[in-house]
S.K.: 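Structure below; questions to follow.
In what follows, every heavy atom counts, from backbone to side chain, and hydrogens, waters and symmetry copies are set aside.
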Amino acid sequence: MKKEKKEKIFTAILSGVLAAVYLACFIVGITEYHHQVTSAAPILVMLSAVGGIVLAFLPYLTKSILKIKLSFSVNLFIQIFGLMGIGFGETLDCYYKFPYWDDVMHFLSGIWVSYLAYAALYAWMGEDHLSHPRAYLMAGAFTISLCSAVLWEVYEFSFDTLF
């Protein structure tokens, strides 16, 4: 069996399994909501689970709507990151049980943003990317990642304070 066909089958199985996991997270949020109506945590779990269900079908959505085919490794990283954040982080309370969980998630998101920034800069350069050293592209990706991290922290602090 060709590598591409195996990846396609694995992606379909992964999407189905993750959709079922996120549906279970949604059900956990509903049951928690009936037990502790005063807390906003079950609502956050339910909203995150809905986002996770969309995330589970991301490869198909990007291909049909944006006409972009995600590579297998990019899709796998996104799915693992989503599962760590939604399934484990919110639903199983890993953000509160393990003190370094949030730090690991921020570290992984920094790697992810750097990768996307590098890919965007590489594509933006067009045919001219060969005349620029990779160090410039890496410095640009690092700067974009750093700026997005600062903006994210400002957003996170503002909304935590507001709500």
S.K.: Please tell me if the side chains of M84 and V104 come closer than 4.5 Å, counting only heavy atoms from C-beta onward.
M.R.: yes

S.K.: With a 4.5 Å cut-off on side-chain heavy atoms, are V45 and I30 touching?
M.R.: no

S.K.: Are Y22 and F26 an aromatic pair by the rule of ring centers under 6.0 Å?
M.R.: no

S.K.: Residues two or more places apart in sequence or in another chain: which of them pass side-chain hydrogen bond (donor to acceptor under 3.5 Å, both in side chains) with Q79?
M.R.: N75

S.K.: Find the distance between CG (L18) and CG (L55) and round it off to the nearest 0.5 Å.
M.R.: 8.0 Å

S.K.: So, Y122 versus R134: side-chain donor-acceptor pair below 3.5 Å or not?
M.R.: no

S.K.: Suppose we call two aromatic rings close when their centres sit under 6.0 Å apart. Are F77 and W112 close by that rule?
M.R.: yes

S.K.: D93: what forms a side-chain hydrogen bond (donor to acceptor under 3.5 Å, both in side chains) with it, not counting sequence neighbours?
M.R.: none

S.K.: Got W101 and M105 here, is their nearest side-chain heavy-atom distance under 4.5 Å?
M.R.: yes

S.K.: Heavy-atom count around F72 CZ within 6.0 Å, excluding the residue itself: above 12?
M.R.: yes

S.K.: Can you name the nearest heavy-atom pair linking V113 to S145, along with the distance?
M.R.: CG1-CA, 3.7 Å

S.K.: Should we say atom OH of Y60 is surrounded by more than 12 heavy atoms from elsewhere, each under 6.0 Å from it?
M.R.: yes

S.K.: Which atom pair, heavy atoms only, marks the closest approach of S15 to A56?
M.R.: OG-O, 2.8 Å

S.K.: Should the heavy atoms of other residues, nucleotides or ligands under 6.0 Å from OH of Y95 be counted, would the total exceed 12?
M.R.: yes

S.K.: How is the hydrophobic cluster of F142 composed, in terms of its other members, when Ile, Leu, Val, Met, Phe, Trp and Tyr link through side-chain heavy atoms under 4.5 Å apart, directly or indirectly?
M.R.: L146

S.K.: Check whether any side-chain heavy atom of H106 lies under 4.5 Å from a side-chain heavy atom of E156, and answer yes or no.
M.R.: yes

S.K.: Return the minimal non-hydrogen interatomic distance between A141 and S114, and the atom names on each side.
M.R.: CB-O, 3.5 Å

